[in-house]
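Written out below as structure tokens is the structure these notes cover.
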2 protein chains.
Amino acid sequence: MKPSFEDLKQELKIKNINLSHQRLKVLEYLAQKHCHPTADQIFTDLQKDIPTLSKTTVYNTLRIMIDAGLVSGITIEDHETRYDIVTESHGHFKCESCGTIFDFPIDIDSLVPGSLSNFKINNKNVYFKGLCPRCLSKIHEIK
Amino acid sequence: MKPSFEDLKQELKIKNINLSHQRLKVLEYLAQKHCHPTADQIFTDLQKDIPTLSKTTVYNTLRIMIDAGLVSGITIEDHETRYDIVTESHGHFKCESCGTIFDFPIDIDSLVPGSLSNFKINNKNVYFKGLCPRCLSKIHEIK
DNA sequence: TTACTAATTTGTAATGATTATAAATTAGTA
DNA sequence: TACTAATTTATAATCATTACAAATTAGTAA
């Protein structure tokens with residue numbers, strides 16, 4: 001269950017982060033679209049609302065949100081980071097054909113291996129790669 | 001258990017990939033050092049043996065090995081790929097302080113979630129981030 | 001060996017995401 | 001209203017990776 005935009009605004013206030021117009025728009029975008037956008041996608045879409053928007057601001061804002069723990073950045077190859085409102089434990093599946101990222105439920109906490117008992121684990125990630133149902137069916141059509 | 005350098009050479013022969021000097025050196029490096037090096041680390045170290053080595057060759061060779069299924073490239077943030085001889089299922093832990101990557105045993109196959117039943121999964125990855133024991137003890141020393 | 005062809009390597013330049021920097025703008029406050 | 005700090009913006013820099021084309025090397029058949 002994703003936190004609502006209102007919840008997120010609350011969080012920022014608590015952490016003493018100013019709620020500027022640009023920051024709110026970026027956060028709203030992430031809260032509403034659950035599509036794991038790249039920084040560039042966020043920039044391009046928000047530019048329609050905020051014509052003066054700068055890409056640097058998008059990057060700055062994402063950094064601030066990540067540091068505040070509201071947003072996570074995930075990298076699944078392709079040297080492009082995708083951003084996501086932080087939610088409960090889930091895995092990511094990236095389609096190698098269309099690039100879409102899908103969430104899937106997984107109990108990552110049950111994964112804790114005994115061999116890391118002396119490590120401080122801050123962050124756990126599970127990601128799979130392959131083909132999504134839509135791209136699979138396209139391949140069948142071609143054949 | 002990592003495959004031996006001889007096993008890997010065998011694999012390449014079977015796949016009809018020429019065993020050039022440069023390719024063998026890259027493969028040998030990965031088979032001997034289990035340190036998940038970056039392309040740049042491989043290049044810098046091998047340059048001592050092969051002064052004429054080009055970084056492009058390192059990238060080319062890694063691409064060929066990945067396509068052949070002998071090597072895997074992992075990206076854990078930081079927009080730098082690290083390379084690794086493909087072995088049985090294991091997770092990766094990256095220390096956020098020193099950057100070292102540690103392997104840990106984990107049964108990734110048991111993770112298959114029912115919600116991905118219509119997806120074709122080619123690749124499964126588990127990575128954690130945090131602090132390794134050595135960096136943890138350094139922090140304690142400072143305090 | 002020699003000559004020819006294909007594969008490989010190399011160096012340089014291009015790409016593209018991200019970051020650094022500093023000036024311009026905006027917000028907050030007394 | 002004036003001042004200060006925070007934020008945004010535009011531009012340039014960085015850095016891993018890729019594209020490309022020339023140079024080298026290897027493989028093979030005469």
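What you find for B:Asn118 and A:Leu136 is that their closest heavy atoms are O-CD1, 3.4 Å. The two residues A:Gly91 and A:Ile106 make their nearest non-hydrogen contact at N-CG2, 3.5 Å. Residues B:Leu116 and A:Phe93 share a closest heavy-atom pair of CD1-CD1, 4.1 Å. The shortest heavy-atom contact between B:Tyr83 and B:Thr38 is CD1-C, 4.3 Å.
In this structure, the CD1 atom of B:Ile66 is 10 Å from the P atom of D:dT17, given to the nearest Å. Going from atom CG of A:Leu19 over to atom P of D:dT8 covers 11 Å, rounded to whole Å. Separating the NE2 atom of A:His79 from the C1' atom of D:dC15 is a distance of 12 Å, rounded to the nearest angstrom. Straight-line distance from the CG atom of B:Asn60 to the C1' atom of C:dG11: 12 Å, rounded to whole Å. The interatomic distance linking A:Arg82 (CZ) with C:dT18 (C1') rounds to 16 Å, in whole Å. Taking atom CG on B:Asn16 and atom P on D:dG27, their separation rounds to 13 Å, with Å as the unit.
Base pairing of C:dT29: its partner is D:dA2, meeting the Watson-Crick or G-U wobble criterion (both donor-acceptor distances under 3.5 Å). Checking C:dT19 for Watson-Crick or G-U wobble geometry (two distances, each under 3.5 Å) identifies D:dA12 as its partner.
B:Ile66 and B:Ile42 fall within a single hydrophobic cluster, where Ile, Leu, Val, Met, Phe, Trp and Tyr side chains are chained together by heavy-atom contacts under 4.5 Å. The same ILVMFWY cluster, assembled from side-chain heavy atoms under 4.5 Å apart, contains both B:Leu27 and B:Leu46. When hydrophobic clusters are built by joining Ile, Leu, Val, Met, Phe, Trp and Tyr residues whose side-chain heavy atoms come closer than 4.5 Å, directly or via intermediates, A:Tyr127 is not grouped with A:Val71.
Residues A:Asn125 and A:His92 have side chains that never bring a donor and an acceptor to within less than 3.5 angstrom of each other.
Proximity of B:Tyr59 to the phosphate of D:dT18: no side-chain N or O atom is located under 4.0 Å from OP1 or OP2. In this model, the phosphate group of C:dT8 is approached by a side-chain N or O of B:Asn18 to a distance below 4.0 Å at OP1 or OP2. Distances shorter than 4.0 Å separate some side-chain N or O of B:Arg63 from OP1 or OP2 on D:dT18.
Interface residues of residues 20-32 of chain B facing DNA chain C, ordered by number: B:Ser20, B:Gln22, B:Arg23; criterion, heavy-atom separation under 4.0 Å. Annotation: proximity of residues 37-58 of chain A to DNA chain D (heavy atom, distance under 4.0 Å) is found for A:Thr52, A:Leu53, A:Ser54, A:Thr56, A:Thr57, numbered in ascending order.
With ring centers used as reference points, B:Phe128 lies 6.0 Å or more from A:Phe119.
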